[in-house]
Amino acid sequence: MSDRFSIDSHKLIYHPQRVAQLLESKGDWEKAKTVYPIYVELGPVGACNHRCVFCAYDYIGYQTRTLAYDLLAERIPEMGRLGVRSIMLAGEGEPMLHKDIVRIVQLIKSSGIDVSFTTNATAMPRDFPEEALPHVSWIKASINAGSPETYAQVHRTKAAHFDLALKNLATMVEARRRKGLSVTLGAQLLLLPENAHEVRALAERVRETGLDYLVVKPYSHVERSITQAYKDIDYTAFLALEDSLRDLNSETFSVVFRSNTMRKYTSDDRYTRCYSVPYLWAHIMASGVVNGCGGFLSDERFEFGNINDSSFQAIWEGEKRRQNYEFVTHHLDIEECRKNCRMDEVNRYLFRLIDNPPGHVNFI
């Protein structure tokens with residue numbers, strides 16, 4: 001199926017200079033410390049108005065902490081100057097619950113950084129479509145059912161939030177049309193046994209709403225999660241769903257069925273070294289802690305510092321990141337890592353490039 005945004009792949013191939021910088025720094029901390037992340041996931045708020053049954057970050061506890069706008073007004077422009085190119089607002093909570101989320105979006109974009117959201121779309125501020133949407137690259141709404149009843153079960157919230165999410169997305173679709181915006185608006189469903197029978201119903205509904213795509217993705221387990229129910233899920237029986245959804249594709253809508261990622265979840269074909277950490281991405285929690293990997297939040301081995309206390313540059317080039325650099329390079333057991341993590345395809349690409357190239361590479 002159409003995947004024009006490479007959602008089931010990666011886009012590191014469009015950043016050859018950063019890859020070259022990473023390769024040149026291999027084994028040399030003095031060079032590695034100035035390789036800044038291309039992409040940062042930022043959690044502006046720790047609280048969430050849903051309690052999804054599959055939540056990877058349930059162990060953190062949905063704490064009602066937020067990053068102050070005045071702090072971000074110092075750190076985000078600095079991050080832009082240092083080479084950060086994109087920020088996804090998501091994290092361990094619902095980003096649209098932040099009282100200054102519109103100003104944060106404007107700040108990020110004015111700092112030369114692309115901005116996006118993963119959100120449940122039920123807490124959209126009234127002024128968001130007019131004041132924030134023009135600055136956003138994409139929004140992906142997490143809608144994990146095709147009916148209000150199943151939605152309430154999976155999201156552990158009010159059934160009415162199903163229609164509320166779609167209503168808010170329709171408002172953004174209308175604002176995009178009226179203002180001639182380029183923002184991409186989509187939805188995603190995390191495929192589970194309890195919602196598999198409603199994938200088509202959701203796809204039809206979001207297509208009617210005017211969204212650009214629906215992503216159907218697999219669960220990815222975090223070892224620290226309180227939730228253990230889906231740890232050993234086998235997606236083999238669900239792969240046939242892909243063919244049943246093809247007829248919904250059109251010039252303006254596509255279903256991105258992540259079959260490649262589903263197959264990898266139970267596959268033993270994996271790299272033995274992570275090259276994304278602590279280089280190409282970072283995760284900043286609502287507490288301000290800068291993490292090298294979103295799969296190890298609250299793990300001190302992957303915590304570099306706190307933006308409430310230090311500049312981003314001081315944190316990124318500091319001693320705790322150097323320690324993590326040494327740990328990931330020499331000691332990390334990849335079996336500790338989350339399968340199908342956010343950087344999985346990037347790691348597969350870098351592993352082939354650095355450690356396992358095919359023969360005859362010079363015959364281009």
Could you check whether [Y] and [X], counting side-chain N and O atoms only, form a donor-acceptor pair closer than 3.5 Å?
X: Asn144; Y: His155; answer: yes
X: Asp8; Y: Thr261; answer: yes
X: Glu94; Y: Thr119; answer: yes
X: Asn120; Y: Ser142; answer: no
X: Tyr275; Y: Asp355; answer: yes
X: Ser259; Y: Glu242; answer: yes
X: Gln21; Y: Tyr36; answer: no

What is the distance from atom [atom1] of [X] to atom [atom2] of [Y], rounded to the nearest 0.5 Å?
X: Glu317; Y: Ser310; atom1: CD; atom2: OG; answer: 12.5 Å
X: Asp58; Y: Ser225; atom1: CG; atom2: OG; answer: 5.0 Å
X: Glu303; Y: Cys293; atom1: CD; atom2: SG; answer: 12.0 Å
X: Glu41; Y: Ser86; atom1: CD; atom2: OG; answer: 10.5 Å

To check you understand the geometry: which heavy-atom pair defines the closest contact between [X] and [Y], and what is its length?
X: Arg65; Y: Ala286; result: O-CB, 3.6 Å
X: Arg224; Y: Ser298; result: NH1-O, 2.8 Å
X: Thr122; Y: Tyr151; result: CG2-OH, 3.8 Å
X: Ile113; Y: Ile76; result: CD1-O, 3.7 Å
X: Ile354; Y: Leu22; result: CD1-CD2, 4.1 Å
X: Thr184; Y: Arg176; result: CA-NH1, 4.1 Å

[Y] reachable from [X] in the ILVMFWY side-chain graph, under 4.5 Å edges:
X: Ile108; Y: Met285; result: no
X: Leu133; Y: Val115; result: yes
X: Trp29; Y: Phe302; result: yes
X: Val206; Y: Val154; result: yes
X: Ile307; Y: Leu297; result: no

Is there a side-chain contact between [X] and [Y] (heavy atoms, below 4.5 Å)?
X: Val40; Y: Trp281; result: no
X: Leu280; Y: Leu350; result: yes
X: Phe351; Y: Thr272; result: yes
X: His330; Y: Phe327; result: no
X: Val277; Y: Asn324; result: yes
X: Thr329; Y: Arg273; result: yes
X: Ile101; Y: Pro125; result: yes
X: Val255; Y: Arg207; result: no

Decide if atom [atom1] of [X] counts as having more than 12 heavy atoms of other residues, nucleotides or ligands within a radius under 6.0 Å.
X: Arg4; atom1: CZ; answer: no
X: Gln17; atom1: CD; answer: no
X: Lys33; atom1: NZ; answer: yes
X: Glu300; atom1: CD; answer: no
X: Glu78; atom1: CD; answer: yes
X: His360; atom1: NE2; answer: no
X: Lys167; atom1: NZ; answer: no

Under a 4.0 Å N-O cut-off, is there an ion pair linking [X] with [Y]?
X: Glu131; Y: Arg126; result: no
X: Arg200; Y: Glu204; result: yes
X: Lys264; Y: Glu345; result: yes
X: Arg205; Y: Asp163; result: yes
X: Asp344; Y: Lys339; result: no
X: Glu319; Y: Arg322; result: yes

> So, is the end of the Arg75 side chain (NZ or CZ) under 6.0 Å from the ring centre of Phe312 and within 45° of the ring's axis?
Replying inline: no
> When you look at His221 and Tyr230, which way does the ring-ring contact (aromatic ring centres under 6.0 Å, His included) test go after all the steps?
Replying inline: CA-CA 7 Å; His221 186 67; Tyr230 309 106; 9.4 Å; no
> Just one of Val290, Ile87, Leu72 clears the side-chain contact (heavy atoms from CB on, under 4.5 Å) bar with Ile284, so which one?
Replying inline: Val290
> So which of Gln188, Lys140, Lys217 actually passes side-chain contact (heavy atoms from CB on, under 4.5 Å) with Ile7?
Replying inline: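 Result: among Gln188, Lys140, Lys217, Lys140 is the only option passing the side-chain contact (heavy atoms from CB on, under 4.5 Å) with Ile7.
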>> Pair Lys26, Lys31 - check side-chain contact (heavy atoms from CB on, under 4.5 Å), show working.
In response: CA-CA 8 Å; Lys26 186 181 178 186; Lys31 292 180 179 178; over 6 Å; no
>> Can you tell me how the ring of His283 sits relative to the ring of Tyr57, calling it parallel under 30°, perpendicular over 60° and tilted otherwise?
In response: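 Perpendicular: the ring planes of His283 and Tyr57 meet at over 60°.
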